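In what follows, chains carry the letters A, B, and so on, assigned in the order in which the sequence lines appear, proteins first and then strands, with residues in each chain numbered from 1. Note that this is a predicted model, so its numbers are computed, not measured.
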Amino acid sequence: MRLGGKIVLQVAGLFVLYYIGSKLQEWSGLPVPGSILGLLLLLTLLLTGVLPAGWVDHGAGFMLAYLPLFFVPVTVGIIEYPVLLSGTGIVMIIMTITGTWLTMFVAGFTSEKLSKKGGA
Amino acid sequence: MAFIMLLLTILTFLLMGKIYSEYRTPLLTPVLTTVAVVVAVLLISGVSYKTYMEGAVWIDRLLGPAVVALAYPMYRQRAVLKKHFLPIVVSVIIGVVTAFGSGYAMAKVLGLERELLLTILPKSLTTPIAVPVASEIGGIPSMAVAFTMIAGFTAILTSPLFFRYISFGDRGKGIALGTAAHGLGTSKAVEYGEETVSMSSVAMSLAAIIGSFFGPFFVWLLAI
């Protein structure tokens with residue numbers, strides 16, 4: 001029961017941070033999503049030790065356990081875009097596959113080069 | 001109807017989660033199977049997406065706070081990042097630039113229309129981040145999820161062959177998977193060892209943060 005209360009309270013805290021992030025975006029005019037500003041705010045609070053990790057661990061764990069559920073509604077929206085099944089959709093799929101390989105290669109290659117130079 | 005749709009989504013997801021934990025194959029990833037079931041139900045019953053969302057919006061509203069929660073696992077990865085700070089950060093930055101740059105270049109060559117270009121740009125980022133980034137830059141969030149999944153499955157299905165021809169060390173493999181293919185790539189990293197998993201997780205987190213700033217900047221810079 002005590003754990004349940006902790007989760008509810010910490011999730012409420014995440015909502016507050018999300019709200020602050022959204023307001024921050026509105027106010028600053030930054031083209032970065034409010035949820036990500038909220039993420040950075042929480043990360044900063046944790047890294048500086050202002051907020052002990054024990055104040056968010058259970059709430060974050062709970063939200064992340066169900067995270068995939070939270071983007072189901074938005075994903076179901078593909079129902080309104082039959083373009084995915086057209087020739088254009090196939091071109092986009094090929095672009096995605098090619099882009100993924102290219103990114104894997106460049107990111108991995110850079111890391112290999114830098115690791116060797118560093119000797120570690 | 002709205003309430004039924006809300007219930008349908010949650011119950012399907014829980015059921016699909018059970019099925020997934022039974023078989024553990026990436027093709028049964030709960031998001032994928034849940035979306036497939038819900039889309040099938042909508043198509044068969046003729047319920048519109050708008051009607052569906054009247055109920056499902058309650059789930060959708062949790063996405064923002066859940067993105068904030070990602071800060072916690074990132075915080076816990078700080079030791080790994082600190083240990084190899086420069087190589088990781090530089091590799092991920094170059095990787096993110098490659099992901100956006102190659103997407104843009106191919107779209108231009110192939111004459112893809114603007115909205116679709118903006119939709120596939122965030123494909124290398126973790127899904128909960130790709131969604132708000134896509135909507136921020138003017139893409140279609142729901143389709144962005146589809147391409148994010150395709151990027152992830154590309155890594156899952158082709159990385160064994162890819163790494164056979166391009167031999168990276170454990171760290172390079174992790175950086176490659178996490179930067180290009182987020183959580184799905186990281187799930188594949190398990191097969192390459194612990195070092196690869198931790199590198200992939202860190203790369204995914206860093207790519208998410210860097211991508212959410214770089215994406216909008218890139219679109220603005222190139223006046224897409």
**Complete:** Heaviest contributor of heavy-atom pairs below 4.5 Å to chain A, chosen from B/Leu42, B/Leu177, B/Leu116, B/Leu110, is B/Leu116
**Fill in**
Comparing B/Pro87, B/Ala105, B/Ser212 against chain A, the one with the most heavy-atom pairs below 4.5 Å turns out to be B/Ser212
Proximal component of [X], with respect to chain A [non-hydrogen, under 4.5 Å]:
X        : answer
B/Ala107 : both
B/Val68  : both
B/Arg61  : backbone
B/Phe217 : neither
B/Leu14  : side chain
B/Val38  : side chain
B/Met53  : side chain
B/Ala99  : both
B/Phe162 : side chain
B/Tyr104 : neither
B/Val131 : side chain
B/Leu63  : both
B/Pro128 : both
B/Ile140 : side chain

Examine whether an atom of [X] lies under 4.5 Å from a heavy atom of chain B, and if so say whether it belongs to the side chain, the backbone or both; otherwise answer neither.
X        : value
A/Phe105 : both
A/Val16  : neither
A/Leu47  : both
A/Val91  : side chain
A/Tyr19  : neither
A/Leu40  : side chain

**Message:** Set out, in order, the CA-CA distance, both residues' side-chain angles and the distance that settles side-chain hydrogen bond (donor to acceptor under 3.5 Å, both in side chains) for B/Thr154 and A/Trp101, then state yes or no.
**Reply:** CA-CA 8 Å; B/Thr154 301; A/Trp101 283 334; over 6 Å; no
**Message:** For A/Tyr66, is the OH atom crowded, meaning more than 12 foreign heavy atoms sit under 6.0 Å from it?
**Reply:** no
**Request:** Begin from the C-alpha positions of B/Arg171 and A/Ser115 and carry the test side-chain hydrogen bond (donor to acceptor under 3.5 Å, both in side chains) through to its verdict.
**Result:** CA-CA 9 Å; B/Arg171 195 192 298 173; A/Ser115 305; 3.1 Å; yes
**Request:** Of all the heavy-atom pairs spanning A/Ala107 and B/Ile175, show the shortest one and how long it is.
**Result:** O-CG2, 3.7 Å
**Item:** Nearest non-hydrogen partners of A/Ser111 and B/Gly172, listed with the distance
**Value:** OG-CA, 3.8 Å
**Prompt:** Within the distance-only criterion (no hydrogens, no angle test), does the side chain of A/Thr103 pair as donor or acceptor with the backbone N or O of B/Ala180 below 3.5 angstrom?
**Reply:** no
**Request:** Look at the side chain of A/Glu80 and the backbone N and O of B/Tyr49, then say whether any donor-acceptor pair between them is shorter than 3.5 Å.
**Result:** no
**Prompt:** Given B/Glu136 and A/Val32, is the side-chain contact (heavy atoms from CB on, under 4.5 Å) satisfied, shown in steps?
**Reply:** CA-CA 7 Å; B/Glu136 188 67 48; A/Val32 177; over 6 Å; no
Side-chain contact test, heavy atoms from C-beta onward, threshold under 4.5 Å: evaluate it for [X] versus [Y] and give yes or no.
X        : Y        : result
A/Phe15  : B/Leu62  : yes
B/Ser91  : A/Leu114 : yes
A/Met95  : B/Lys123 : no
B/Ile166 : A/Met104 : no
A/Thr110 : B/Val90  : yes

If I take atom [atom1] from residue [X] and atom [atom2] from residue [Y], how far apart are they, to the nearest 0.5 angstrom?
X        : Y        : atom1 : atom2 : answer
B/Ile156 : A/Thr100 : CD1   : OG1   : 11.5 Å
B/Phe147 : A/Ile93  : CZ    : CD1   : 6.0 Å
B/Ile120 : A/Thr96  : CD1   : OG1   : 5.0 Å

**Prompt:** Picking from A/Leu102, A/Ile94, A/Leu17, which has the most non-hydrogen pairs under 4.5 angstrom with chain B?
**Reply:** A/Leu102
Suppose a student defines contact as a heavy atom less than 4.5 Å from any heavy atom of chain B. Which residues in [range] would they list?
range                     : answer
residues 50-57 of chain A : A/Ala53, A/Val56, A/Asp57
residues 67-78 of chain A : A/Leu67, A/Pro68, A/Leu69, A/Phe70, A/Phe71, A/Val72, A/Pro73, A/Val74, A/Thr75, A/Val76, A/Gly77, A/Ile78
residues 20-31 of chain A : A/Gln25, A/Pro31

**Item:** Pair listing, salt bridge (charged side-chain N to carboxylate O under 4.0 Å, His left out) test, anchored in residues 31-51 of chain B, at least two apart
**Value:** none
**Message:** I need the single residue from B/Ile129, B/Leu70, B/Ile209 that forms a side-chain contact (heavy atoms from CB on, under 4.5 Å) with A/Ile36. Which is it?
**Reply:** B/Ile129
